[in-house]
**Student:** 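This is the structure I have questions about; it appears just below.
Atom set for the values below is all heavy atoms of this structure, side chains included, hydrogens, waters and symmetry mates excluded.
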Amino acid sequence: SHSCCPAPLCRGRALPAPPPGSACAVGRPLRWASSFSQPGPTESDPSEGQVFLSESCVKRLLEITEGSEFLRLQVEGGGCSGFQYKFSLDTVINPDDRQGQRGGARVVVDVDSFAFVKGSMVDFSQELIRSSFQVVSNPQAEKGCSCGTSFSVKF
């Protein structure tokens, strides 16, 4: 089967598992938005060119990143709904990457993946059986799957 979105190469190392019993910050009100650098004139849509970071995402990133490390978000073809989110820790920023930060935590998205996630929020979700970074309230996604890692695109 032919996919319209070639999977980008995986860079960085796998994310470490969270320590047991660490505090959960999901559900707090969010009062901050990270603006991703966008070349050219300012867009009319305020969510255009932005990805938001939740408080729990920032807290978890500060716990697991060292030095110049940041969280890389990629969108790949595959998953149960057509596209899937992929997170990794990375230290190399490419010329076409979009990046933003909040409170010292950084998230970087390559330009191809950025088209699929602009206007959405990166959250760190801590549940009984697993903890993970997730993309929530993605305006580009039509429907997601229950696992929270896969989605289909609005056409």
**Student:** Compare every heavy atom of V51 with every heavy atom of V117, then report the nearest pair and how far apart it is.
**Tutor:** O-CG2, 3.6 Å

**Student:** Side chain of S131, backbone of Q126: donor and acceptor closer than 3.5 Å?
**Tutor:**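 A pair under 3.5 Å: no.
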
**Student:** Using the test side chain to side chain contact (heavy atoms under 4.5 Å, CB included), find all partners of I93 that sit at least two apart in sequence or belong to another chain.
**Tutor:** F70, D97, Q99, R106, V108

**Student:** If I take atom OH from residue Y85 and atom OG from residue S120, how far apart are they, to the nearest 0.5 angstrom?
**Tutor:**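 Here the rounded value is 6.0 Å.
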
**Student:** Would the distance check show the side chain of T65 and the main-chain N or O of L61 forming a donor-acceptor pair, the cut-off being under 3.5 Å?
**Tutor:**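 Yes; judged by distance alone, with no hydrogens or angles, the pair exists.
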
**Student:** Step by step, work out the side-chain contact (heavy atoms from CB on, under 4.5 Å) result for V122 and F52.
**Tutor:** CA-CA 6 Å; V122 179; F52 306 96; over 6 Å; no

**Student:** Would you confirm whether R72, through its side chain, and K86, through its main-chain N or O, come within 3.5 Å as a donor-acceptor pair?
**Tutor:**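 Checking the backbone N and O of K86 against the side chain of R72, no donor-acceptor pair under 3.5 Å is found.
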
**Student:** Could you check S81 against E142 for side-chain contact (heavy atoms from CB on, under 4.5 Å), going step by step and ending with a plain yes or no?
**Tutor:** CA-CA 10 Å; S81 302; E142 187 153 64; over 6 Å; no

**Student:** Could you tell me the separation between the CG atom of L73 and the CD atom of Q134, rounded to the nearest 0.5 Å?
**Tutor:**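 If we round to the nearest 0.5 Å, L73:CG and Q134:CD are 12.0 Å apart.
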
**Student:** Please determine whether a side-chain nitrogen of the Lys or Arg among K59 and E55 lies less than 4.0 Å from a carboxylate oxygen of the Asp or Glu.
**Tutor:** no

**Student:** Can you measure from CG (L71) to CD1 (I64) and round to the nearest 0.5 angstrom?
**Tutor:** 7.0 Å

**Student:** Does Q140 use its side chain to pair, donor to acceptor, with the backbone of K118 at less than 3.5 Å?
**Tutor:**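 Judged by distance alone, yes, a pair lies under 3.5 Å.
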
**Student:** Is the closest side-chain heavy-atom distance between F114 and V75 below 4.5 Å?
**Tutor:**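 A side-chain contact is absent here, since even the closest heavy-atom pair is not under 4.5 Å.
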
**Student:** I'd like to know if the side chain of S56 reaches the main chain of F124, judged simply by a donor and an acceptor atom lying under 3.5 Å from each other, with no hydrogens or angles considered.
**Tutor:** yes

**Student:** Out of curiosity, S54 OG to F133 CZ, how far, rounded to the nearest 0.5 Å?
**Tutor:**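 S54 OG to F133 CZ: 9.0 Å, rounded to 0.5 Å.
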
**Student:** Between G77 and Q84, which heavy-atom pair has the shortest distance, and what is it?
**Tutor:** O-NE2, 4.0 Å

**Student:** Between N138 and F116, is there a donor-acceptor pair closer than 3.5 Å when you use the side chain of the first and the backbone of the second?
**Tutor:** yes

**Student:** So does D96 get a backbone contact from the side chain of N94, meaning a donor-acceptor N/O pair under 3.5 Å?
**Tutor:** no

**Student:** Do R98 and V111 come within less than 4.5 Å of each other through their side chains, counting heavy atoms only?
**Tutor:**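 Contact flag for R98/V111 side chains = yes.
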
